[in-house]
K.L.:
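Here you go, one structure.
Residue numbers run from 1 in the order of the sequence given.
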Amino acid sequence: MPRLLIVHHTPSPGMQALFEQVVAGATTDEIEGVEVVRRAALSATASDVLEADGYLLGTPANLGYISGALKHFFDTIYYPCLDSTAGRPFGYYVHGNEGVEGAQRAIRSITTGLSWQQVAEPVTVLGAPDKADLAACWELGATIAAGLMIE
């Protein structure tokens, strides 16, 4: 059974709301035969990454960059997963109060190094998430999970 790994850093109510919608989309009844595994960024391991077929990443934009927790995740898994996960699909969502460009740039840079393939447009949210932001996160979760159904 294909496995989707959701790696997230969820330190705020806004991030929690986005995370819940990503999970709801990935686990909707229309998605069949995909196991969804959720890991906080500080507890996700190289084994989690190696056992997954696709990835969904969630982070706040902190001081113009990804969270320290997501950076730690990437630092931990980068070399152990470098060759074995090339070509795997991923998507991501970012929440910030003043800008998310630096966080997006960091995710693109690191995932390019890993040779992961971005298969959905990222969801970026500034300020408090609204209905459209939540719907976009639901769609992101459903899209990434549905892509694994096809394989």
K.L.:
Between S84 and C81, is there a donor-acceptor pair closer than 3.5 Å when you use the side chain of the first and the backbone of the second?
P.N.:
no
K.L.:
With a 4.5 Å cut-off on side-chain heavy-atom distances among I, L, V, M, F, W and Y, is there a chain of contacts connecting V7 to I107?
P.N.:
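Yes; tracing contacts between hydrophobic side chains, which count when under 4.5 Å, links both residues.
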K.L.:
Go through the steps for T45 and F73 under the test side-chain contact (heavy atoms from CB on, under 4.5 Å), then give the verdict.
P.N.:
CA-CA 7 Å; T45 66; F73 162 74; over 6 Å; no
K.L.:
In the structure I gave you, are the side-chain heavy atoms of E51 and R3 within less than 4.5 Å of one another anywhere?
P.N.:
yes
K.L.:
Does any N or O in the side chain of R88 come within less than 3.5 Å of the main-chain N or O of V49, such that one atom is a donor and the other an acceptor?
P.N.:
yes
K.L.:
Around atom CG of L82, are there more than 12 heavy atoms of other residues, nucleotides or ligands at under 6.0 Å?
P.N.:
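For L82, atom CG is crowded (more than 12 foreign heavy atoms under 6.0 Å).
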K.L.:
Check for a donor-acceptor pair, side chain of D133 on one end and backbone N or O of V125 on the other, with a separation under 3.5 Å.
P.N.:
no
K.L.:
Please tell me if the side chains of P11 and P60 come closer than 4.5 Å, counting only heavy atoms from C-beta onward.
P.N.:
yes
K.L.:
Has T124 got a side-chain atom pairing as donor or acceptor with V94's backbone, closer than 3.5 angstrom?
P.N.:
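Judged by distance alone, no pair lies under 3.5 Å.
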K.L.:
With a cut-off of 6.0 Å (strictly less than), are more than 12 heavy atoms of other residues, nucleotides or ligands near CD of E121?
P.N.:
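Atom CD in E121 is not crowded, with 12 or fewer foreign heavy atoms closer than 6.0 Å.
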K.L.:
Is any side-chain heavy atom of L56 closer than 4.5 Å to a side-chain heavy atom of L5?
P.N.:
no
K.L.:
To check you understand the geometry: which heavy-atom pair defines the closest contact between M15 and G58, and what is its length?
P.N.:
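Of all heavy-atom pairs spanning M15 and G58, the closest is CE-C, 4.0 Å.
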K.L.:
Does T143 reach the main-chain N or O of E139 with its side chain, forming a donor-acceptor pair under 3.5 Å?
P.N.:
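It does hold such a pair.
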K.L.:
Would you confirm whether T28, through its side chain, and I31, through its main-chain N or O, come within 3.5 Å as a donor-acceptor pair?
P.N.:
no
K.L.:
Testing the basics here: between A103 and A61, what is the closest heavy-atom pair and its distance to 0.1 Å?
P.N.:
CB-CB, 4.0 Å
K.L.:
Counting heavy atoms not belonging to R38, are there more than 12 under 6.0 Å from its CZ?
P.N.:
no
K.L.:
When you measure from the side chain of H95 to the backbone of G127, do you find a donor-acceptor pair of N or O atoms at a distance under 3.5 Å?
P.N.:
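Judged by distance alone, yes, a pair lies under 3.5 Å.
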K.L.:
Which heavy atom of G33 sits nearest to which heavy atom of P2, and what is that distance?
P.N.:
O-CD, 3.1 Å
K.L.:
In terms of hydrophobic clustering (I, L, V, M, F, W, Y; side-chain heavy atoms under 4.5 Å; direct or indirect links), are W138 and F19 co-clustered?
P.N.:
no
K.L.:
Please report the interatomic distance OG1(T76) to CZ(F74), rounded to the nearest 0.5 Å.
P.N.:
11.0 Å
K.L.:
Under 4.0 Å between a Lys/Arg side-chain N and an Asp/Glu carboxylate O for R39 and D48?
P.N.:
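Yes.
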K.L.:
Would I66 and I110 count as a side-chain contact (heavy atoms from CB on, under 4.5 Å) if you check the C-alpha gap in whole Å, the side-chain angles of each, and the deciding distance to 0.1 Å?
P.N.:
CA-CA 11 Å; I66 59 177; I110 296 166; 4.1 Å; yes
K.L.:
Side chains of L126 and N97: does their closest heavy-atom pair fall under 4.5 Å?
P.N.:
no
K.L.:
Find the distance between CD (Q117) and OG1 (T85) and round it off to the nearest 0.5 Å.
P.N.:
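Here the rounded value is 11.0 Å.
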K.L.:
Would you say the side chain of Q118 lies within less than 4.5 Å of the side chain of T111, judging by non-hydrogen atoms?
P.N.:
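No, side chains not in contact.
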K.L.:
Does V119 form a side-chain contact (heavy atoms from CB on, under 4.5 Å) with F90? I'd like the steps, not just the answer.
P.N.:
CA-CA 6 Å; V119 295; F90 84 98; over 6 Å; no
K.L.:
Check for me, please, whether L70 and L42 land in the same ILVMFWY cluster - side-chain distances under 4.5 Å, paths through other members count.
P.N.:
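L70 and L42: separate clusters.
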K.L.:
Does the side chain of Q104 come within less than 4.5 Å of P122's, by heavy atoms?
P.N.:
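In contact.
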K.L.:
Side-chain heavy atoms under 4.5 angstrom apart, residues restricted to Ile, Leu, Val, Met, Phe, Trp, Tyr: same cluster for Y78 and Y55?
P.N.:
yes
K.L.:
Please step through side-chain contact (heavy atoms from CB on, under 4.5 Å) for the pair S109 and T112, ending with a clear verdict.
P.N.:
CA-CA 5 Å; S109 176; T112 296; 5.9 Å; no
K.L.:
Counting only heavy atoms not in R105, do more than 12 sit closer than 6.0 Å to its CZ atom?
P.N.:
no
K.L.:
For residues Y93 and V22, determine if any side-chain heavy atom of one lies less than 4.5 Å from a side-chain heavy atom of the other.
P.N.:
yes
K.L.:
Just to verify, what does Y92 make a ring-ring contact (aromatic ring centres under 6.0 Å, His included) with, not counting sequence neighbours?
P.N.:
none
K.L.:
How far apart are the closest heavy atoms of L4 and A26, and which atoms are they?
P.N.:
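Heavy-atom minimum between the residues: CD2-CB, 3.9 Å.
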K.L.:
Considering non-hydrogen atoms only, spot the tightest contact between V123 and C137 and give its length.
P.N.:
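Closest heavy-atom pair between V123 and C137: CG1-SG, 3.8 Å.
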K.L.:
So, do E20 and L18 sit near enough that their side-chain heavy atoms are less than 4.5 Å apart?
P.N.:
no
K.L.:
Answer yes if L57 and I6 sit in the same cluster of Ile, Leu, Val, Met, Phe, Trp and Tyr residues linked by side chain heavy atoms under 4.5 Å apart, and no otherwise.
P.N.:
no
K.L.:
Has N62 got a side-chain atom pairing as donor or acceptor with Y65's backbone, closer than 3.5 angstrom?
P.N.:
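Side chain of N62 to backbone of Y65: no pair is present.
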K.L.:
Quick one: CD on Q21 to CD on Q16, what's the gap to the nearest 0.5 Å?
P.N.:
11.0 Å
K.L.:
Between CE of M1 and CD of E32, what distance do you get to the nearest 0.5 Å?
P.N.:
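One finds 10.5 Å between CE of M1 and CD of E32.
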